[in-house]
Amino acid sequence: VTGNAGNINRSASSIPLMVFVNDTSNSSVAQNVNVTFWVSTNITALDNITVNVTNGTGQAAYYFNPTCSFVAAQQVWKAGVTDGNYNATNTSNFSVTVLGDMILNISRPLGIEVLLGNNVSLNGSIIDDCNVNITDGAVAFRSVHNETNNYCTNIVNLGVGNYSCTVNTTGMEPGWYNVTFNSTKTNHNTNQTTKINAYFVETEPVLAGANVTPDPGGWGETFTFRVNATDRDNDTLSVQLWVRKQPASAWTLQSTNSSVRGTNVTVTFTKAFVSGDIGVWDYKFNVTEDDAGQINETAVRNFTVEKDD
């Protein structure tokens, strides 16, 4: 017997199920004898029938090529002589495992930006090679950035072959993340799919260390304003210096630097004053980047312009 305990993919070609027929009356091989093969389609019932004849060496073969009529499972098969010239004789029951394929698809996210600390939903679906929803796959999602894996653990089976998992981006490195979705299932081939650049973890610009020198200073001196700017995802920043004279005059945009990029970059502006500027002044910095709404601003600080030395 050939083919007992074998495996065959529904998407592959075939596997030979083969038996040898011996003519015990003549102690010879049985040639040109009708042999019937029965194979179950749903594990138990032997209902798929094929008739072949033995060859010159007494072998009869059925090249089993399962279609979508066969459940992906361990099926039962047997063979028997069904020829009027011989007694009806059957083999024992044998097994052959039909394997299905799983086709995975990632439907979300598709190239979106996510602000660091926010959630991003990973969604995928699975069908088999017969276009049937895989509703009980053992699935996993992982996000990959610079060869670092972030495994998503709160997977939800949404039904009808759909699965979801929510990633909280707190503590993750900024940048692009690929998402890999994989699944295992009994009597199915393990498979996975990857969405390249599925989402980008975006960071807000940060300003720190705002200061001005001299403070106090004479109106004839040059005042230097400094602030350290950072954007971890390396966006180009626009940093602005605003000033106003107390009490409660309107803010004036003093200077702008629109080419700031990097981490802890010191941005410097200078301003000269005249004698009529003596008094207490407020100043602040703000920063924007290419993404709408990504704005940060320092607290309002003050400095004093005095008489010239």
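- Expressed to the nearest 0.5 Å, how far CG of Asp101 lies from CG of Leu104 amounts to 11.0 Å.
- Using a distance-only test at 3.5 Å, with no hydrogens or angles considered, no donor-acceptor pair links the side chain of Asp215 to the main chain of Val212.
- Expressed to the nearest 0.5 Å, how far CG of Leu99 lies from CG of Asp129 amounts to 9.5 Å.
- Side-chain N or O atoms of Thr256 include none that pairs as donor or acceptor with a backbone N or O of Gln240 at under 3.5 Å.
- Judged purely by distance below 3.5 Å, without hydrogens or angles, the side chains of Thr203 and Asp231 pair a donor atom with an acceptor atom.
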Show, in sequence, the C-alpha distance, side-chain angles and deciding distance for Phe94 and Thr91, and conclude whether the side chain to side chain contact (heavy atoms under 4.5 Å, CB included) test is met.
CA-CA 8 Å; Phe94 302 115; Thr91 67; 3.5 Å; yes
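- Here CG of Asn133 is found 7.0 Å from CG of Asn162. Values are rounded to the nearest 0.5 Å.
- Residues Thr41 and Ser69 have side chains that never bring a donor and an acceptor to within less than 3.5 angstrom of each other.
- With hydrogens and angles left out, the side-chain atoms of Asn168 and Thr170 include a donor and acceptor closer than 3.5 Å.
- Residues satisfying the side-chain hydrogen bond (donor to acceptor under 3.5 Å, both in side chains) test with Asn9, not counting sequence neighbours, are Asn189.
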query = Which is it for Ile155 and Ser164 under the side chain to side chain contact (heavy atoms under 4.5 Å, CB included) test, yes or no, and what are the steps along the way?
reply = CA-CA 6 Å; Ile155 295 171; Ser164 180; over 6 Å; no
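- A donor-acceptor contact under 3.5 angstrom links the side chains of Ser40 and Gln75, judged on distance only.
- With hydrogens and angles disregarded, a donor-acceptor distance shorter than 3.5 Å links the side chain of Asp128 to the backbone of Cys130.
- Atom OH of Tyr63 has 12 or fewer heavy atoms from other residues, nucleotides or ligands within 6.0 Å.
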Can you list, pair by pair, the side-chain donor-acceptor contacts under 3.5 Å of residues 245-255, counting residues two or more places apart and other chains?
from	atom 1	to	atom 2	distance (Å)
Lys245	NZ	Gly276	O	3.2
Lys245	NZ	Ile278	O	3.1
Gln246	NE2	Asp282	OD1	2.7
Ser249	OG	Lys245	N	2.9
Ser249	OG	Lys245	O	2.5
Gln254	OE1	Lys271	NZ	3.3

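- Between the side chains of Ser259 and Asn257, a donor-acceptor pair is found at a separation under 3.5 Å.
- Side chains of His145 and Met172 form no contact here, defined as non-hydrogen atoms less than 4.5 Å apart.
- Distance alone, capped at 3.5 Å, is enough to place a donor-acceptor pair between the Asn296 side chain and the Pro205 backbone.
- With hydrogens and angles disregarded, no donor-acceptor distance shorter than 3.5 Å links the side chain of Arg108 to the backbone of Asn123.
- Within the 4.5 Å cutoff, the side chain of Val120 has heavy atoms near those of the Ile112 side chain.
- A ring-centre distance under 6.0 Å is not found for Phe200 and Tyr177.
- In this pair, Phe181 and Phe141 present their aromatic rings parallel. The plane angle is below 30°, not in the 30 to 60° band.
- Here the side chains of Val19 and Thr2 are not in contact, with every heavy-atom distance at 4.5 Å or above.
- For the pair Asn55 (side chain) and Gln31 (backbone), a donor-acceptor distance under 3.5 Å is absent.
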Determine, stepwise, if the pair Thr194 / Asn178 fulfils side-chain hydrogen bond (donor to acceptor under 3.5 Å, both in side chains).
-> CA-CA 7 Å; Thr194 298; Asn178 301 333; over 6 Å; no
Quiz item: For Asn34 and Thr82, what are the C-alpha separation, side-chain angles and deciding distance, and is it a side-chain hydrogen bond (donor to acceptor under 3.5 Å, both in side chains)?
Solution: CA-CA 6 Å; Asn34 289 330; Thr82 53; 5.8 Å; no
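- Looking only at side-chain heavy atoms (C-beta outward), Phe285 and Val267 stay at 4.5 Å or farther from each other.
- Using a 4.5 Å heavy-atom threshold, the side chains of Ile134 and Lys185 count as touching.
- Within 6.0 Å of the CG atom in Asn26, the count of heavy atoms belonging to other residues, nucleotides or ligands exceeds 12.
- Side-chain N/O atoms of Asn146 and Thr148 include no donor and acceptor closer than 3.5 Å.
- Residue Val35 is not grouped with residue Val29 when hydrophobic side chains (ILVMFWY) are merged at heavy-atom distances under 4.5 angstrom, including chains of intermediate members.
- In this structure, OG1 in Thr24 is found 8.0 Å from CG in Asn87, a value given to the nearest 0.5 Å.
- The closest side-chain donor-acceptor pair between Thr166 and Asn119, if any, does not fall under 3.5 angstrom.
- In this structure, the separation between NZ on Lys284 and OG1 on Thr298 is 8.0 Å, given to the nearest 0.5 Å.
- Under the 4.5 Å side-chain criterion, counting only non-hydrogen atoms from C-beta, Leu46 is in contact with Val76.
- A donor-acceptor pair under 3.5 Å is absent between the side-chain atoms of Ser143 and the main chain of Val179, judged by distance alone.
- For Asn131, there are no side-chain hydrogen bond (donor to acceptor under 3.5 Å, both in side chains) partners, not counting sequence neighbours.
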task: Would you check, one step at a time, whether the test side chain to side chain contact (heavy atoms under 4.5 Å, CB included) holds for Val167 with Leu122?
output: CA-CA 7 Å; Val167 175; Leu122 314 181; 3.7 Å; yes
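- Taking CG of Asp308 as the reference point, atom CZ of Phe273 lies at 13.0 Å (rounded to 0.5 Å).
- Between the side chains of Thr169 and Asn118, no donor-acceptor pair is found at a separation under 3.5 Å.
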Run the side chain to side chain contact (heavy atoms under 4.5 Å, CB included) check on Leu237 and Thr288 step by step: do they pass?
CA-CA 6 Å; Leu237 307 178; Thr288 59; over 6 Å; no
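- When the options Phe269, Trp281, Trp242, Tyr283 are evaluated for a ring-ring contact (aromatic ring centres under 6.0 Å, His included) with Phe225, the one that passes is Tyr283.
- Remark: side-chain polar atoms of Ser125 are not paired, donor with acceptor, to backbone N or O of Gly161 under 3.5 angstrom.
- Counting only distance, with no hydrogens or angles, the side chain of Asn211 and the backbone of Gly209 share a donor-acceptor pair below 3.5 Å.
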